Amino acid sequence: MNQAIDWNALLAAATAARDNAHAPYSRFHVGAALLCEDGRIFAGCNVENASYGLTICAERNAVFAAIAAGCKRFVALAVIGATDAPITPCAPITPCGACRQVLVEFAPAFAVRCYGTDGTHLDETTATLLPHAFDKQSLT
């Protein structure tokens, strides 16, 4: 389904989610907003844990919320990060490797816009973020 992407709405949802991040260890707050094919938007933030392996990234948090609500077809993802440390604004951030793998599980080539608090963004796709991904075709 071809659908127009309202990047402003996705950025607003990602930014609002980022404001709820629990990042007492890294002090790096990330928000993500995922647009589903049916028009719904699911947001997620990073939630850190003292046992670092239990930490969840914003992107996977958004994907898992969408899956829990019955949405498995994605159109676009916006992600934005910021630090509460007293430094200059952040450049655009991209999803980590684990998030990239989860994203391609559900949509091998959808739009990803990575925002920085410095006012810039990068446009990618899940395919460009994780070329030659291990996916369903790899298992057949």
Side-chain angles (χ1 to χ4, degrees):
M1 172 180 185
N2 264 343
Q3 177 175 343
I5 300 168
D6 182 349
W7 289 109
N8 290 330
L10 286 175
L11 176 58
T15 301
R18 181 194 67 198
D19 292 343
N20 293 323
H22 176 73
Y25 308 105
S26 71
R27 296 174 46 182
F28 192 70
H29 302 252
V30 180
L34 184 66
L35 174 63
C36 292
E37 195 173 78
D38 65 8
R40 289 183 289 169
I41 294 175
F42 292 89
C45 62
N46 59 319
V47 180
E48 295 179 350
N49 189 280
S51 177
Y52 292 140
L54 302 178
T55 294
I56 186 76
C57 296
E59 300 91 330
R60 283 181 283 148
N61 203 340
V63 169
F64 299 158
I67 297 298
C71 181
K72 295 182 181 176
R73 298 179 65 118
F74 308 138
V75 175
L77 173 78
V79 60
I80 185 167
T83 180
D84 61 7
I87 61 171
T88 58
C90 298
I93 63 162
T94 60
C96 74
C99 288
R100 293 174 190 207
Q101 181 62 49
V102 167
L103 292 169
V104 300
E105 175 73 15
F106 297 100
F110 70 90
V112 178
R113 184 166 282 181
C114 307
Y115 289 93
T117 57
D118 63 359
T120 61
H121 69 268
L122 300 171
D123 285 326
E124 299 286 344
T125 67
T126 51
T128 60
L129 287 171
L130 189 62
H132 313 291
F134 179 79
D135 57 15
K136 295 170 193 161
Q137 284 79 19
S138 302
L139 299 174
T140 59

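The shown structure was predicted, so the numbers you read here are calculated from the model rather than taken from an experiment. In what follows, residues are counted from 1 in the order of the sequence shown.
- Residues near Phe42 contribute nothing to a hydrophobic cluster around it, because no ILVMFWY side-chain heavy atom sits closer than 4.5 Å to its side chain.
- Panel note: side chain Thr126, backbone Val104; no donor-acceptor pair is recorded below 3.5 Å.
- For the atom pair Asn46 CG and Asn20 CG, the distance stands at 11.0 Å (nearest 0.5 Å).
- Follow the hydrophobic side-chain contacts under 4.5 Å out from Ile80 and you reach Ile5 in the same cluster.
- By the 30° and 60° cut-offs, the orientation of the rings of Tyr115 relative to His121 is tilted.
- Atom OG1 of Thr125 and atom CZ of Arg113 lie 13.0 Å apart (nearest 0.5 Å).
- Under a 3.5 Å cut-off, the side chain of Arg100 and the backbone N or O of Pro95 do form a donor-acceptor pair.
- Counting all heavy atoms, side chain and backbone alike, Ala17 lies closest to Cys45 at O-CB, 3.1 Å.
- For the pair Pro24 and His22, the tightest heavy-atom approach, listed with the atom from each and the gap, is CD-C, 3.4 Å.
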- Quick one: do Phe74 and Leu103 satisfy side-chain contact (heavy atoms from CB on, under 4.5 Å)? Show the steps, please. CA-CA 9 Å; Phe74 308 138; Leu103 292 169; 5.6 Å; no

Could you give me the CA-CA distance, side-chain angles and deciding distance for Cys57 and Cys96, then say whether disulfide (SG to SG under 2.5 Å) is met? CA-CA 8 Å; Cys57 296; Cys96 74; 3.8 Å; no

Set out, in order, the CA-CA distance, both residues' side-chain angles and the distance that settles side-chain contact (heavy atoms from CB on, under 4.5 Å) for Cys114 and Val79, then state yes or no. CA-CA 5 Å; Cys114 307; Val79 60; 4.0 Å; yes

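- Separation of atoms CD (Glu124) and CG (Leu77) is listed at 12.0 Å; rounding is to 0.5 Å.
- Between the side chain of Thr15 and the main chain of Leu11, a donor-acceptor pair closer than 3.5 Å is present.
- For Arg40 against Gly70, the heavy-atom pair with the smallest separation is NH2-C, 4.2 Å.
- In the hydrophobic cluster analysis, where Ile, Leu, Val, Met, Phe, Trp and Tyr join through side-chain heavy atoms closer than 4.5 angstrom, Val112 is grouped together with Phe64.
- The cluster map of Ile, Leu, Val, Met, Phe, Trp and Tyr, joined by side-chain heavy atoms under 4.5 Å apart, puts Leu122 and Leu34 in different clusters.
- Nearest heavy atom pair, residue Leu10 against residue Ala33, reads O-CB, 3.3 Å.
- Heavy atoms only, all atoms of each residue included: His29 and Arg27 are closest at CD2-O, 3.5 Å.
- Between the side chain of Glu59 and the backbone N or O of Ala32 there is no donor-acceptor pair closer than 3.5 Å.
- When all heavy atoms are compared, the tightest approach of Tyr25 to Glu48 is N-OE1, 3.0 Å.
- Using a 4.5 Å heavy-atom threshold, the side chains of Pro92 and Asp118 count as touching.
- Lys72 has its side chain within reach of Ile67: a pair of non-hydrogen atoms, C-beta onward, lies under 4.5 Å apart.
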